[in-house]
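When reading the values below, keep in mind they use all heavy atoms of this one structure, side chains included, and skip hydrogens, waters and symmetry mates. Numbers here are sequence positions counted from 1.
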Amino acid sequence: GLLPVYLKALHGVAGVEVLLCRVLFSLAFLSVILSLRGGFGFLREARRREVALRFLASATLISFNWFLYIWSVGSERVVEASLGYFINPLLNVVLGVAVLKERLNRAQWLAVALAAVGVLYLTIVSARPPWIALTLAVSFGLYGLIRKVVRVESVPGLATETLLLAPFAAAFLVEEWSGTPTPDGDESLDLRFFPVDAPPPPEQVVRSHRTVFDDVRRFLATGEIVVD
């Protein structure tokens with residue numbers, strides 16, 4: 001969508017600052033949503049050691065994924081980064097079949113094959129090893145797998161992840177911004193962060209409830225775009 005255009009407008013801001021602002025503003029936004037939906041009872045489940053460790057792993061994966069995407073845009077690698085999100089549904093299919101023991105019928109395998117051909121074509125024409133695309137796809141695929149196993153609703157789950165990351169984000173930003181002037185001499189927070197970074201990315205919000213078959217249906221449409 002338009003996210004790369006917005007990130008390019010922040011070219012003077014360090015990628016890690018964009019990431020950490022995204023974490024904090026997402027937590028604030030999600031807190032409002034959860035308050036309207038009835039509170040924070042899900043935190044009782046998140047306090048269990050096994051669940052907390054899985055959320056810590058998923059929080060690490062999604063923050064790494066976000067940062068790599070932000071870095072890719074700033075490094076003029078937007079096409080390769082976008083390819084990663086085309087590869088990701090294919091990886092989700094593999095994880096769904098291999099780990100979650102889901103099954104595909106012949107028509108769905110055909111759809112996966114067509115999508116794989118399209119991704120392979122885009123990889124070839126990019127004329128460089130798609131390490132950014134593969135890293136984005138793998139990190140997001142493993143994130144989705146963990147969220148599927150945890151079985152916590154998407155919005156409370158993302159809120160838990162951002163809550164785990166928030167202390168680190170706040171501490172880093174306080175240290176970074178304390179006494180450090182911006183390029184124009186103004187030490188105040190750059191308000192350009194606010195419009196986009198507060199809402200959680202919709203792909204991550206719904207990922208924990210998508211099945212392998214949802215990704216196959218998505219790729220039927222994607223294959224038409226690639227062939228066209």
Rounded to the nearest 0.5 Å, what separation is found between the CD1 atom of I70 and the CG atom of L10?
9.0 Å

Output for pair (L165 CG, I62 CD1), nearest 0.5 Å, gives 10.0 Å

With a 4.5 Å limit on heavy-atom distance, are the side chains of N65 and Y85 in contact?
yes

At their closest point, which heavy atom of V73 faces which heavy atom of P4, and how far apart are they?
CG1-O, 3.6 Å

Taking all atoms of both residues into account, what is the closest heavy-atom pair of W66 and L19, and its distance?
CB-CD1, 3.5 Å

Check whether I132 and V79 end up in the same hydrophobic cluster, where Ile, Leu, Val, Met, Phe, Trp and Tyr are linked by side-chain heavy atoms less than 4.5 Å apart.
no

Value rounded to 0.5 Å, distance of SG in C21 from CG in L173:
5.0 Å

In sequence, state the C-alpha distance, the side-chain angles, and the governing distance for N88 and Y143, and then conclude on side-chain hydrogen bond (donor to acceptor under 3.5 Å, both in side chains).
CA-CA 11 Å; N88 173 250; Y143 167 77; over 6 Å; no

Candidate pair L61 and F140, rule side chain to side chain contact (heavy atoms under 4.5 Å, CB included), full reasoning
CA-CA 7 Å; L61 284 168; F140 203 45; over 6 Å; no

Is the shortest distance from a Lys or Arg side-chain nitrogen in R22 or E17 to a carboxylate oxygen in the other one below 4.0 Å?
no

Pair F64, T135 - check side chain to side chain contact (heavy atoms under 4.5 Å, CB included), show working.
CA-CA 10 Å; F64 172 76; T135 305; 3.4 Å; yes

Before you tell me yes or no, could you show the steps for K148 and L100 under side chain to side chain contact (heavy atoms under 4.5 Å, CB included), namely the whole-Å CA-CA distance, both residues' side-chain angles and the distance that decides it to 0.1 Å?
CA-CA 9 Å; K148 188 77 172 180; L100 302 178; 3.8 Å; yes

Got L7 and Y69 here, is their nearest side-chain heavy-atom distance under 4.5 Å?
yes

Locate the shortest heavy-atom distance separating L27 from A166; write the atom from each residue and the value.
CD2-CB, 3.6 Å

Between CG on residue L30 and CG on residue L158, distance to nearest 0.5 Å:
5.0 Å

Are the side chains of V23 and S63 in touch, meaning some heavy atoms are under 4.5 Å apart?
no

Correct closest heavy-atom pair for V51 and A46 would be CG1-CA, 3.9 Å

Co-membership, hydrophobic cluster, residues V119 and V125, 4.5 Å side-chain:
yes

Under a 4.0 Å threshold between the charged nitrogen and the carboxylate oxygen, would E153 count as salt-bridged to R37?
yes

Quick check: is F172 connected to L68 through a chain of hydrophobic side chains (ILVMFWY, heavy atoms under 4.5 Å apart)?
yes

Would you indicate whether the side-chain heavy atoms of R54 and R147 approach each other to under 4.5 Å?
no

4.5 Å side-chain heavy-atom contact, E76 and K8
yes

Between L95, L91, V150, which is the residue that forms a side chain to side chain contact (heavy atoms under 4.5 Å, CB included) with L145?
L95

Heavy-atom distance under 4.5 Å between the side chains of V138 and L142, does that happen here?
yes

Hydrophobic clusters here meaning ILVMFWY residues chained together by side-chain heavy-atom distances under 4.5 Å, can you tell me if V16 and F168 are in one?
no

From OG (S82) to CG (L136), nearest 0.5 Å
9.0 Å

Rounded to the nearest 0.5 Å, what separates atom OG in S31 from atom CG in L36?
11.0 Å

Give the ring-plane orientation class for W71 versus W131, where under 30° counts as parallel, over 60° as perpendicular and anything between as tilted.
tilted

What one should report as the nearest heavy-atom pair of G84 and A137 is O-CB, 3.4 Å

In one Ile/Leu/Val/Met/Phe/Trp/Tyr side-chain cluster, 4.5 Å: L90, W109
yes

When you compare the side chain of P156 with that of L34, does any pair of heavy atoms fall below 4.5 Å?
yes

Within-4.5 Å side-chain heavy-atom neighbours: L134 and L83:
no

I need the minimum non-hydrogen distance between G157 and V152, along with the two atoms involved.
N-CG1, 4.0 Å

